S.K.: 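The structure that follows is given in the form of structure tokens.
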2 protein chains.
Amino acid sequence: MPARRSSPSMADVAAHVGVSHQTVSRVLNKSPLVRPETRERVEQAMKELGYRRNSAARALVTNRSARLGMVSAHLALHGPSRIAASVDAAAREVGYDVSLVGLETVSPSTVRVAVERLLDQAVEAVLVAAAHRPAIEAARAMDLPVPLVLVQGVEPGDHLAVGIDQVAGARAAVGHLLDLGHRRVAHVAGPLDWAEAVQRREGWLAAHRERDLEPGPELAGDWSAAGGHAAGALLAAGDDVTAVFAANDATAMGLLKALHDAGLSLPDDLSVVGFDDSPEAAYTWPALTTVAQRFSELGERAVGLALQAIEGGTGRPPTPVPLLVPHLVVRDSAARA
Amino acid sequence: MPARRSSPSMADVAAHVGVSHQTVSRVLNKSPLVRPETRERVEQAMKELGYRRNSAARALVTNRSARLGMVSAHLALHGPSRIAASVDAAAREVGYDVSLVGLETVSPSTVRVAVERLLDQAVEAVLVAAAHRPAIEAARAMDLPVPLVLVQGVEPGDHLAVGIDQVAGARAAVGHLLDLGHRRVAHVAGPLDWAEAVQRREGWLAAHRERDLEPGPELAGDWSAAGGHAAGALLAAGDDVTAVFAANDATAMGLLKALHDAGLSLPDDLSVVGFDDSPEAAYTWPALTTVAQRFSELGERAVGLALQAIEGGTGRPPTPVPLLVPHLVVRDSAARA
DNA sequence: CGGTGAAATGTTAGCGCTCACAATGAGCCA
DNA sequence: TGGCTCATTGTGAGCGCTAACATTTCACCG
């Protein structure tokens, strides 16, 4: 038995059957111009030889890579990894492969490098999931030869972007608290160079504004439970706050922890609402009332947009996709004032 | 200004400078056989024209793709996404790109399809992060033209695999409980077709065996907080259990929740230990004692192994990498019996 | 000042595939 | 029978690059 040389080519398959390489190509590309019997024999030969089409050669001649690039910040966090998973699934569905570049730190320069890297792989579109606004702007400013789709950190003016309506989600969360009779709601914010953090904060303000109420104190957070814990310690020591809106569930968990540590009884002494509906949210103590986002739909839409942009070339911009609306999930961590 | 045609090729750059395309190639490949001044001019031209090397053409002629494939199950879970992130970073470090295929459901057939997909992308190695053992076996049985590296679900006999010593981690966790004076420790297991689940269970048994103690009751779980919650309800209703080892942190969180719901006081009435050291573990109530794994090192090692295997070709198998040893993180959820 | 070897550059031939077009053959009608 | 059409298959070129080899340039020596 001869050692397995380099993998067989179309020519090998063709020779094996006694047809031309073009006929093999036709079979592969499902051309109707092949006699069923011939097709049969070619397919048989491909199986026997273990033929696998050479994607590089194909990409070279067609000038298309069938590849989408995704740069994802904070792949280890819940939201981003959900988005990555859904983009991957959606892309595969429509015959695209995906190249992933994770970011260890997010900044204009790291995002630029990541995008460059994807371009070197000849991706047909770049999806950026990095809510950090300066980084997004940097990517936008790059004058790319392919469409760039935003999957996070979207702002109203953005084109070629899919996102979740953070303001609406936050407004619903805070509104819920206010409707429960709380006169003011404190906010532990996310890092304010993230679009999401700004928007959730905006929703918090809006909910108060709509009811002619003064928003409660605002504390800084960083998406993490640690940040939430620190903020919670401050809050527990503080004054008359009866309700808190945390920028995300991790923050809310830290908050809960700090309040317990301070000996408060929840939710009677203090109501807490989070954002994300992470898998653990239903199992905090007390169970977290939060805002659920449909990440999987995000991925699908982003891929759809990318495809549309690829097809459309430099044509008219694709129809803008409305923001997805998240919904409130009421559990036990928020109670009547 | 002419519309941007298809992107410039080496020939374009060469013509622009007045050299041959081969000289451009030499510059690109850092050959020392280029006069510094020539190199300078070529680089200048590349910048001006926005030249970008065509990776397909390069892959075609070199017969190498500089691409690693990774199939990852449960990308949305904490561990897997951490692994994916670290593999990605490590691969990039050594000049490889990574193609990701996420699995929505894990089974022999879905894994096979995923691997096929990666092979069609001409990856130079496949990393499989899918602890589900039957799926792993299926991938192993495929007789691939490229190395396959296991990143999860590793068992002692496995070759070309990196993993974390789950048995040791579990033994440490349960040993900690036993050393605290508990006479027996209950276990809420993971799904037992996952190697990790089996191994953690084995560590639980081993810790008892070493001390000549009878293991406490065993309950079924599924890695999720929901599963832990169900098990916790049973446990709370039950007999004389004073300590529980949960298969992972999510399970432990569900457990904690159920015990609180049952009105128990933790950790006095019942001690709980988890596994994973997820970011939230420090902020449960009480803070979770758990086992920390260094995922990032996992990715690095996996990529290292893959590279070694790619280089080595069919040569002698690479030196086996010892399992990483996780360590116990003591917090508040486990107390003296 | 011709010869020499190393440094620098050029030339040519594909890699495996798709595209455009050419060629073959069978069926059919006048 | 000749010619026409359609279905099927074949041929040739070339995508952008690298590898192997060929050629030119040039500093330096006897």
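Remember, it's a predicted structure, so these values are computed and weren't measured experimentally. Proteins come first, then strands; the chains are lettered A, B, ... in the order of their sequence lines, and each starts at number 1.
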S.K.: At less than 3.5 Å, do the side-chain atoms of His21(B) and the base atoms of dT18(D) form a donor-acceptor pair?
M.R.: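 Between dT18(D) and His21(B), which were checked side chain against base, a qualifying N/O pair under 3.5 Å is present.
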S.K.: Does dT8(D) have OP1 or OP2 sitting under 4.0 Å from an N or O in the side chain of Thr23(A)?
M.R.: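 So the side chain of Thr23(A) is outside the cut-off, no N or O lying under 4.0 Å from OP1 or OP2 of dT8(D).
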S.K.: To the nearest Å, how far apart are Arg35(A) CZ and dT24(C) P?
M.R.: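 After rounding, the reported distance stands at 17 Å.
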S.K.: Please report the distance, rounded to the nearest Å, between CZ in Arg58(B) and C1' in dG16(C).
M.R.: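 Result: 18 Å.
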S.K.: Any side-chain N or O of Thr62(A) under 4.0 Å from OP1/OP2 of dT18(C)?
M.R.: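 False: Thr62(A) side-chain N/O out of range (4.0 Å or more) of dT18(C) OP1/OP2.
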S.K.: Atom CG of Leu60(A) and atom P of dT18(D): how far apart are they, to the nearest Å?
M.R.: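 In whole Å, dT18(D) P and Leu60(A) CG are 12 Å from each other.
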S.K.: Between Ser55(A) and Thr38(B), which is nearer to the 5' end of DNA chain C once each is assigned its nearest nucleotide?
M.R.: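 First, find each residue's nearest nucleotide; the 5'-ward one identifies Thr38(B).
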S.K.: Between dT9(D), dC17(D), dT18(D), which nucleotide gets closest to the side-chain atoms of Gln22(B)?
M.R.: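 Between dT9(D), dC17(D), dT18(D), the one nearest the side chain of Gln22(B) would be dT18(D).
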S.K.: Assign Arg26(A) to base, sugar-phosphate, or nothing according to its heavy-atom contacts below 4.0 angstrom with the strands shown.
M.R.: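 Since a base atom lies under 4.0 Å of Arg26(A), the category is base.
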S.K.: In Å, rounded to the nearest 0.5 Å, how long is the span from CE of Met70(A) to CG of Leu127(A)?
M.R.: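 Result: 7.0 Å between the selected atoms.
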S.K.: Nearest heavy atom decides the nucleotide; on that basis, is Pro32(B) or Ala57(B) closer to the 5' end of DNA chain C?
M.R.: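 Nearest nucleotide further toward 5': that of Pro32(B).
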S.K.: Figure out the CZ/P separation between Arg64(B) and dA19(D), and round it to whole Å.
M.R.: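 From Arg64(B) CZ to dA19(D) P: 11 Å.
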S.K.: Distance check needed: dT9(C) P versus Arg39(B) CZ, whole Å only.
M.R.: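 The answer, rounded to whole Å, is 10 Å.
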S.K.: What is the distance, rounded to the nearest whole Å, between atom CG of Asp120(B) and atom P of dG16(C)?
M.R.: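 Roughly 16 Å, once rounded to whole Å.
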S.K.: So which nucleotide from dT9(C), dT8(D), dC15(C) ends up closest to the side chain of Val61(B)?
M.R.: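 Nearest listed nucleotide: dC15(C).
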S.K.: Using only atom types and a distance under 3.5 Å, with no angle test, would you say the side chain of Asn29(B) pairs donor to acceptor with the backbone of Ser31(B)?
M.R.: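 Judged by distance alone, no pair lies under 3.5 Å.
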S.K.: Answer with base, sugar-phosphate or nothing: what part of the nucleic acid does Asn29(A) contact at a heavy-atom distance below 4.0 Å?
M.R.: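 If one applies the 4.0 Å heavy-atom cut-off, Asn29(A) turns out to touch the sugar-phosphate alone, with no base involved.
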S.K.: Rounded to the Å, how far apart are Asn63(B) CG and dC17(C) C1'?
M.R.: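 It works out to 14 Å between those atoms.
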S.K.: Nearest 0.5 angstrom please: Asp88(B) CG to Ile83(B) CD1, how far?
M.R.: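 Separation between the atoms: 13.5 Å.
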S.K.: Heavy atoms from C-beta onward define the side chain here; which of dG16(D), dT18(D), dT11(D) lies closest to that of Ser20(A)?
M.R.: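 Given the options dG16(D), dT18(D), dT11(D), the side chain of Ser20(A) is closest to dT11(D).
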S.K.: Could you check whether the rings of His78(A) and Phe295(A) sit parallel, tilted or perpendicular, using 30° and 60° as the cut-offs?
M.R.: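 Perpendicular, since the angle between the ring planes exceeds 60°.
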S.K.: Give the rounded distance in Å between these two atoms: CG of Leu33(B) and C1' of dT9(C).
M.R.: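 That distance rounds to 9 Å.
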S.K.: Please state whether the base of dG16(C) and the side chain of Arg52(A) form at least one donor-acceptor pair under 3.5 Å?
M.R.: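 A donor-acceptor contact between them is absent.
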S.K.: Any donor and acceptor pair, going by atom type alone, linking the side chain of Asp158(B) with main-chain N or O of Ala161(B) inside 3.5 Å?
M.R.: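 A pair under 3.5 Å: no.
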